[in-house]
Amino acid sequence: MPWETESKALLKSRKITSFPHSACKMATEGLHENETLASLKNEAESLKGKLEEERAKLHDVELHQVAERVEALGQFVMKTRRTLKGHGNKVLCMDWCKDKRRIVSSSQDGKVIVWDSFTTNKEHAVTMPCTWVMACAYAPSGCAIACGGLDNKCSVYPLTFDKNENMAAKKKSVAMHTNYLSACSFTNSDMQILTASGDGTCALWDVESGQLLQSFHGHGADVLCLDLAPSETGNTFVSGGCDKKAMVWDMRSGQCIQSFETHDSDINSVRYYPSGDAFASGSDDATCRLYDLRADREVAIYSKESIIFGASSVDFSLSGRLLFAGYNDYTINVWDVLKGSRVSILFGHENRVSTLRVSPDGTAFCSGSWDHTLRIWA
Amino acid sequence: MAQAPTDPSSAEAADPEESSPNMIVYRKIEDIITRMQDDKTGGVPIRTVKSFLSKIPSVVTGADIVQWLMKNLSIEDQGEAIHLGSLIAAQGYVFPISDHVLTLKDDGTFYRFQAPYFWPSNCWEPENTDYAIYLCKRTMQNKARLELADYEAENLARLQRAFARKWEFIFMQAEAQVKIDRKKDKTERKILDSQERAFWDVHRPVPGCVNTTEMDIRKCRRMKNPQKVKKSVYGVTEESQPQSPVHVPSQPVRKTTKEDFRKQITFLNLQIDRHCLKMSKVAESLIAYTEQYVEYDPFITPAEPSNPWISDDAALWDIEMSKEPSQQRVKRWGFSMDEVLKDPVGRDQFLRFLESEFSSENLRFWLAVQDLKKQPLQDVTTRVEEIWQEFLAPGAQSAINLDSHSYEKTSQNVKDPGRYTYEDAQEHIYKLMKSDSYARFLRSNAYQDLLLAKKKVNN
């Protein structure tokens, strides 16, 4: 049929890019028989090559070169200011409360603890029915926490100050995945939770009803981490997985907007640069990297010959100038984001650093470790 | 017992196990260890040291290892080199000849390299029967250096209780091992004994020491092919050992389908058409952002009056809670509209200013839509209707000004109410506010006075 040949030619010349879905379907339906798996694969490969070519044209300079004119940072004196002891096994995750001093932490022993880390007092504790509670999050209101792990669920617990009330009694099961829960985060409301799972998907849930609002498919393996974009208006988030990819998602449509694949191993942690225009990642390949969304490219890599263990957790200081990264070699390395150099190495933990977050006002950061403790650094 | 060393370079690159997180680290350490032992390219001096009546074969001092690490891995700080060396020891690649605790000291303490047979990359998971055989055979040999440490004696007692019924078998295996060992050359035996002990120090560490064989459960599925796991040093396996739950093989990777490729192609085309910025522009933007916010970053510019974590004084937080915003805080509202909207005090000031000009409907609409998105699903329909009535319906009390296209689209959306019903309208209003209301706010006396700390906040 003549329209078939014409649309084939048009598609080939790539003149049509934004096609109304129905027309596209019509145009490609006739082509199905002619497209083999191999030809599609080749097409994908050639497009990848073209994309890389286009991006490379814009790669006119390196970030650290432009940053040469920026004043060097002074010497840092960062110390452990608080040590939180109380978990009976590896600390796997932690999150800050908006009040800048409370934190929630979760552990392999199934315990989730809420602390006033300023005083080091434990304020709440709940025992989960499973071990390995790999994810926990504080609600924006400060009135609830969410957690989950090997139970494949994410549950929300309201925080009550009534001594007589059992926290576990008011537990609400929100998210249900088909594999372990690796990360969870409230959106800017107590009413929605975003989750990441070993089942390779992310999902957005309505807390009240437990209903799935949107699911995000695209990772080729376990998703290990996620971070919501800091914008007041944004509806995007980034996720990282065992497929070595970092993906940026549109929360509204469930579509993947951008994808980055330059790491050599699992991405354990992703965190947005405070302006929301870029994000950092930490990986088992022992490097941290910075990806800019506007350049659609990796713009910096933070690594050293002597750092051979994986980076488990990363976060930025308030201005984005410093990147704090916790590693499986028990240390925390502090990187100059712009210049690409390491400004400090912090010793203290006696086993892997598994989680790290900067406080909401940037006055400190908290690290959690397999040595059962959490430390506040400033 | 000591078999031909496994050649690490013979591992196929295609082997998926090679890319497992643990294996990546092992290969890096093995590379370091191999270079360290290469005397042709400046490796550490491995010597036989004379001591009293005997010789200590094949040792190197901790100091030499630390020095080598600093020189060859560009490590400037000695502490860092010691830390890395200790980790390499803890993983089981190098060990002190006279201590069960696997750590590196920067002095004359003697260390030996582990035999490749015992390397962690061989996926060892030695069982308790093996450990029992090992401890048992140690007690059979009359050598001071093989005497059991207290924790080992305790472990042995516990294993004797646990394996009471098959202790005869274990004893026989231990005797057999002793016989085999006796046939070896004296010097070789010294080395092998120490390597075997170091192997057990990794898999049955001294109480209080980190067990480096512990795994991150999220990565377990891909880590070890059950067929490749080595369970026995002495060729003995526990019959009733069920397959470790950790070794459930991961799902077979789904083959890429035509549909997958089509999706990829669509995605790639979208990416190719995306307008991207040059690196130079991006770099300038990132630098500009950090420079603007550096004075607000407590890690770089010390917080005033003090950082609560350092001074133990929460004054900074008390000040922030009060309704009186500091000049620095007010200045930040001028960086972008998001900053004003993010800060509750800023938002409040912005709203008051607009109310004083009788033009607050845009901001209130924007806030209402933000609030809508925070509602539980069951309340969404009601809120959508409320917002429509107040801001958009004909004759609305706080009518906002949308262009006809946005208004048309929004009217359609309202028929199927959801959290994103007003997304388009909100975007439009946001842009309007940015160029109009926000700009006026920054020029206003209300804002300027706060910025110059001329006036207190009106409550």
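Chain identifiers are assigned alphabetically (A, B, ...) following the order of the sequence lines, protein sequences preceding nucleic acid strands; residue numbering begins at 1 within each chain.
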Please state whether the side chain, the backbone, both or neither of [X] comes within less than 4.5 Å of a heavy atom of chain B.
X	answer
Tyr180(A)	side chain
Ser354(A)	neither
Ala278(A)	side chain
Lys57(A)	neither
Asp361(A)	both

What part of [X] is in contact with chain A, defined as an atom under 4.5 angstrom from a non-hydrogen atom: side chain, backbone, both or neither?
X	result
Ala314(B)	both
Thr266(B)	neither
Tyr430(B)	side chain

Salt bridge Arg321(A)-Glu291(B), side-chain N to carboxylate O under 4.0 Å =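 Between Glu291(B) and Arg321(A) there is no salt bridge, as every charged N stays at least 4.0 Å from the carboxylate O atoms.
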Flag the pair Glu54(A) and Lys278(B) as a salt bridge only when some basic side-chain nitrogen lies within less than 4.0 angstrom of an acidic carboxylate oxygen.
->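 Between Lys278(B) and Glu54(A) there is no salt bridge, as every charged N stays at least 4.0 Å from the carboxylate O atoms.
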Does the [X] side chain pair with the main chain of [Y], one donor and one acceptor, at a distance under 3.5 Å?
X	Y	result
Tyr289(B)	Tyr273(A)	no
His83(B)	Asp329(A)	yes
Asp206(A)	Leu377(B)	yes
Gln192(A)	Lys373(B)	yes
Gln271(B)	Ile257(A)	yes
Glu232(A)	Gln370(B)	no

Roughly how far, to the nearest 0.5 Å, is CD1 of Ile287(B) from NZ of Lys339(A)?
->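 Rounded to the nearest 0.5 Å, the NZ-CD1 separation comes out at 8.5 Å.
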Parallel, tilted or perpendicular: which describes the rings of Phe118(A) and Trp309(B), with under 30° parallel and over 60° perpendicular?
->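 Phe118(A) and Trp309(B): perpendicular rings.
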State, with a plain yes or no, whether a side-chain heavy atom of Lys90(A) is found less than 4.5 Å away from one of Glu214(B).
->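 The answer is yes, as the side chains (C-beta and beyond) meet within the 4.5 Å cut-off.
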